[in-house]
S.K.: 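Following this message is one structure expressed as structure tokens.
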Amino acid sequence: MWGVIKSVLAAFFGVQKERQRRHDFEHGKPGAFILVGLLMAVVFVVVIAALAIYVAG
Amino acid sequence: MRKMLALMTGGGTLFGGASLAHANGWNMPVGVTDLSAEIYTLHMTIFWICVVIGIVVFGVMFYSLFKFRRSKGAKSAHFHENTTVEVIWTAVPLLILVGMAVPATATLQKMYDASDAELDVMITGQQWRWRYEYLGEDVAFNSNMSTPRAQITGEEERGEHYLLEVDEPLVLPINRKVRFLLTADDVIHSWWVPDFAVKQDTIPGFINENWVRINEPGIYRGQCAELCGMDHGFMPIVVHAMEEDEFDQWLVERKEAAEAEAMGVDREWEMDELMERGEQVYGSICASCHQADGGGSPPAFPGLAGNQELIDDVDWHIDVVLNGVSGTAMPAFRSNLNPVELAAVVTYSRNAWGNDTGDAVQPAEIVELLE
Ligand SMILES: [Cu+2]
């Protein structure tokens, strides 16, 4: 699970280690990445919105 | 860093001082409000950040091209993937962008904060003039371009403020927060005064907000910045910023004049008075389509001089001016002109240019029709 999150974070940032990428493609399940990706996208939006609301006060 | 910033922005003023009137300036003006100066500084800061990035990136590139050229026996390195370098070239632009976004957002927030204004001015874009209304003060007027046609057609020498002059400028006080409520009657226009760093679309059916607090008295000029039809280039903006007491006095005078005019509705007007007032209104509002000599430009704009239909039927004539002709360019003037102006302009067109009907339409008659 932590591995999936780390890979999704790497994808958000746009940089991934080749070794990890190969590992994900050979052993990971696509569904897990898609689900975690969607969830973290929601978390990202909520965090940005909360930050904006906090700063605009 | 201080010194550098001063140098950077100073370099900008060299070009930025030029106003719209001599539009050969290279840069945006520093302007005459705190906010316009802030926007200018922001603009220059980001500009110089881009310059530095450009110099560094292209410097490294050209240096490498030159220093490691093949004729000097350089061998290319063959490697694939370097996570550290990739992380750096992703993180650095991210930090630069966030670094620019923080001050930009702070300025943007100030620009949107139109609260606590001491004066509200409603600005309405119309084809092709601006209408200014001092809300709660009973003062309102149209502001038309005053550059003579002959200058535009090239028969006359162009004046100093060619296409940037109006019959009645918007008058504002300095040192007071003025809120603008902007809308339009017909199509989208945009109210733009570079010295205030204000450029706001005016959209029919919507009211946009903006504001200024001017620091220096003076005359500031701008233009409509949204392509809005044939005479888009002929609806300039002129703002006369006055000292506060001077402005208060001006406002009182305008209010008294408006009251006097409102009183004028009840009395009988002489032919001469109506003709004089009518000529004024006709020249500033109607002449752009129907021409100063009443000849119009048929078939698009009918002539009013010697127009038999108009001469024969005063009721129809008044109706057209009050309510316009829907589906054509002829606007309804019932809410843009006051009863005195309406009566005067109808009287004028019924008697000028040899129409000579002898009809004097009284403001009181118009008031009745407006109810
Ligand atoms: Cu316009």
Side-chain angles (χ1 to χ4, degrees), chain A, chain B residues 33-35 38-39 41-42 45-46 49-50 53 56-57 60-61 76-117 177 179 197-198 200 207-213:
Chain A
M1 190 61 195
W2 177 236
V4 177
I5 294 177
K6 263 197 347 204
S7 289
V8 169
L9 278 175
F12 275 17
F13 191 69
V15 180
Q16 174 68 296
K17 285 199 200 71
E18 177 61 20
R19 201 156 48 83
Q20 185 63 38
R21 189 190 71 82
R22 194 165 296 151
H23 177 268
D24 286 347
F25 270 76
E26 278 161 13
H27 302 286
K29 288 201 206 71
F33 288 97
I34 291 169
L35 192 71
V36 173
L38 284 175
L39 282 177
M40 284 176 57
V42 171
V43 170
F44 178 71
V45 170
V46 169
V47 167
I48 294 287
L51 194 73
I53 290 165
Y54 172 74
V55 171
Chain B
T33 71
D34 290 352
L35 209 49
E38 202 175 308
I39 291 168
T41 308
L42 201 59
T45 310
I46 291 174
I49 290 174
C50 294
I53 292 172
V56 169
V57 170
V60 169
M61 191 179 98
S76 54
H78 289 280
F79 67 92
H80 188 71
E81 197 204 357
N82 184 330
T83 314
T84 319
V85 172
E86 285 175 30
V87 167
I88 290 173
W89 81 41
T90 309
V92 169
L94 182 76
L95 291 177
I96 293 174
L97 282 178
V98 171
M100 297 196 296
V102 168
T105 310
T107 304
L108 210 58
Q109 256 191 310
K110 285 189 212 165
M111 289 167 67
Y112 275 99
D113 180 17
S115 59
D116 301 324
K177 187 165 181 174
R179 180 168 68 146
V198 169
Q200 183 75 61
I207 294 182
N208 283 330
E209 271 189 354
N210 215 308
W211 65 275
V212 286
R213 173 179 280 144

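Throughout, a chain's letter reflects where its sequence line sits, starting with A, and its residues are numbered from 1. Everything numeric in this text was worked out from a predicted model, so none of it was measured.
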S.K.: Can you say whether B:Ala91 sits under 4.5 Å from chain A via the side chain, the backbone, both, or neither, judging by heavy atoms?
M.R.: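 Contact with chain A is through both the backbone and side chain of B:Ala91.
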
S.K.: Table up the donor-acceptor pairs between chain B and chain A that sit under 3.5 Å, atom names plus distance.
M.R.:
residue : atom : partner : partner atom : Å
B:Glu81 : OE2  : A:Glu18 : N            : 2.6

S.K.: Take atom CZ of A:Phe13 as the centre, draw a 6.0 Å sphere, and report whether it contains more than 12 heavy atoms from other residues, nucleotides or ligands.
M.R.: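 Yes, because the 6.0 Å sphere around CZ of A:Phe13 holds more than 12 heavy atoms from other groups.
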
S.K.: How would you list, by chain and number, every residue that makes a salt bridge (charged side-chain N to carboxylate O under 4.0 Å, His left out) with B:Arg179, sequence neighbours excluded?
M.R.: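 Partners of B:Arg179 by the salt bridge (charged side-chain N to carboxylate O under 4.0 Å, His left out) criterion, ordered by chain and then number, come out as B:Asp120, B:Glu209.
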
